[in-house]
Amino acid sequence: MDEIAPEYDVVVLGTGLTECVLSGVLSVKGKKVLHIDRNDHYGGEAASVNIEALFKKYGNYNKGEEPWKKYGRVNDWNIDLVPKLLMSSGELTNILVSTDVTRYLEFRQVAGSYVQQYSGAKAAVAKVPSDAGEALRSSLMGIFEKRRMKSFIEWIGTFNEEDSASHKGLNINTCTMKDVYDKFGLETGTRDFIGHAMALYQTDDYLTEKGRAPEAIERIRLYGNSVSRYGKSPYIYPLYGLGELPQGFARLSAIYGGTYMLNTNIDEIIYEGSKAVGIKATMQDRGGEEPMKFTTKAKKILADPSYFPGKVQVTGHVLKAICILNHPLAGTDNSDSCQLIIPQSQVGRNHDIYIAVVSSAHSVCPKGYYIAIVSTIAETTANHHLELAPGFERLGKIEEKFMGPPIPLYEPLESGVNDNIFISKSYDATSHFETTTDDVKDIYRRAEGHELVVEGLREGTNLVGDDN
Amino acid sequence: MAARGPAGTRGGSTRFAQFKLVLLGESAVGKSSLVLRFVKDQFDDFRESTIGAAFLTQTISLDDNTTVKFEIWDTAGQERYKSLAPMYYRNANCAVVVYDITQASSLDKAKQWVKELQRQANENIIIALAGNKLDLVTSHPDKRAIQTADAEAYAREAGLLFFETSAKTSENVRELFTSIAKKLPLDQAGPRNPRAGGRGGVELRSETPGTNANGPCAC
């Protein structure tokens, strides 16, 4: 019963979302998967934790105090460590649907998407228009600009990269997005909210780099399609927090035969020449039983960056502050949840500041509380609190603030083809999971040698009693 | 679709309620077999350990106008190395903790699972203890390792429903689930619809090709 198989097709290390989606998909495709985490819980960096665990993680209280006790039952809190939301029409949604992991999760809309104009005392928060009616009422644009915006948006809807007749006379593959905006005569402020609050670019690099117009158009379209799917905002969010997502995909893997071991340390990676061929590991804390040591072979190893610190590099740092509030954000129509983007140009930065807010409506905290995460990409080596200050200004009174040192973003040095070790990237500073699913597909391609096709993934697989 | 808590609708004099039921117990005591007997009236002597007992539902009519639907979650083998996720216990209304009456240690394991349920699940969860593989003892009484009276005494003390069952012969299987259904709080059918009914809830479906993919942006 306690026997570990002598060999697995894939050993996966770390139960973050990227790793769990991969082990789910690989199990469905018939691979024999062993999935291990050194922690005693699922999710790794993408977990959701209760408020006691959060205080303990950040250590921002005096010894002997128990500050979490004034926040109700600790288990009523599911606080995300990574501030992200799902695009309703994004790739993660597609994967959730095609794998039926939606059966284990319940989603709610995020109530609104907002953008800040100006800064300091002049700062104003406005809803990112979600339909033509909102665009016409929006305070973001004047009357003539609204008409220009309308014709731009209509053009986005009809644009077809393959059909040059729909390109407005532009050479779409060599021009810049600035050229496109110029064509429609859009004002700087409009470009700002289109590029940052709809296309969700975090810097202005996309404006002037040749050939990026089709990508920008595609991103604006994803935003529009996501809004039109359920209305109100382009985002949805799982009840009980993002930590439910890796658990759901882990369950998918297990249903298709994947083996799960938490609380298990990797003692050694076994190599033959330059290639990894197995692991030695120890499962801890067996409820009074002795730790269990085991060795098994692996045709491939998939892992998050923390399992191979020598095989990854740092590409940047994210600043993040998790804040507990007892009120909604000013200017957001008392929304129970929202995203608020402060474009870099409005506050004299190079990278946008993001605020993601969820609340008891998503079963992540007791009634009356709101969890707001302020984040950006670090631009200085000190003054990190100051970098997030424009975000804190939007929050009003803050009950608790959890902010650690800058969080390094890792990516693998090599593809994994040479050593059989396929490493994921850290969760980046974007507000959604599109780059996470890009990474899933990239790892799949590197490891399996062909593209991951998500559509119809479960067709032809036979499950006991899987008929309802 | 996953139910979250009792969800009832009362149309006229009929009532219908849906509940999440989770299975627990040591590996190889027959958890999946019990459910397959209940849901499909099937039994397989040589079932491998759980692969793909994904998601089963079964309905019980308690009387002419009361129907209870169980949405049954199998461990999918994640109990083996104590790797069940919090998601598994979340909003479970009832649980069947299974042991094997021919394996002495399996009742101790069952007791640990009951403790785990009391720690992780809803306070008012209804738990049934099922001593499975009754058929083995019927033909060979010497194979019994756990006396009925001992298990029954523990169940009474811990406030659990108790049955000895056989997934193979189906003895007491239906009775087990029916007695759980009778104990569920049908009258407290919660306000929350299991799916998409609540405020702002969304049901994820695949997009019909052509409706949205290249359609005009909604702005």
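Chain identifiers are assigned alphabetically (A, B, ...) following the order of the sequence lines, protein sequences preceding nucleic acid strands; residue numbering begins at 1 within each chain.
We find the CZ-CG distance between Arg90(B) and Asn75(A) to be 9.0 Å, quoted to the nearest 0.5 Å. Note that OH of Tyr104(A) and CH2 of Trp73(B) are 7.0 Å apart. Values are rounded to the nearest 0.5 Å. In this structure, CG on Asn263(A) lies 14.5 Å from OH on Tyr81(B), to the nearest 0.5 angstrom. In this structure, the separation between CD on Gln78(B) and CE on Met261(A) is 13.0 Å, given to the nearest 0.5 Å. For the atom pair CG (Asn91(B)) and OH (Tyr240(A)), the distance works out to 3.5 Å, reported to the nearest 0.5 Å.
Proximity to chain B is absent for every atom of Thr264(A), based on heavy atoms less than 4.5 angstrom apart. For Leu262(A), the parts sitting under 4.5 Å from any heavy atom of chain B are the backbone and the side chain alike. Ala111(A) does not touch chain B: none of its heavy atoms, backbone or side chain, sits under 4.5 Å away.
The minimum heavy-atom distance between Gln109(A) and Val202(B), with the atom names listed, is CG-CG1, 3.6 Å.
For the pair Tyr260(A) and Arg80(B), the minimum side-chain heavy-atom distance is 4.5 Å or more. No side-chain heavy atom of Leu105(A) sits under 4.5 Å from any side-chain heavy atom of Leu204(B).
Put simply, the side chain of Gln247(A) never gets that close to the backbone of Ala85(B): no donor and acceptor are under 3.5 Å apart. Judged by distance alone, the side chain of Tyr42(A) and the main-chain N or O of Ser83(B) form a donor-acceptor pair under 3.5 Å.
Using a cutoff of 4.0 Å between basic side-chain nitrogens and carboxylate oxygens, Arg108(A) and Glu203(B) are not scored as salt-bridged.
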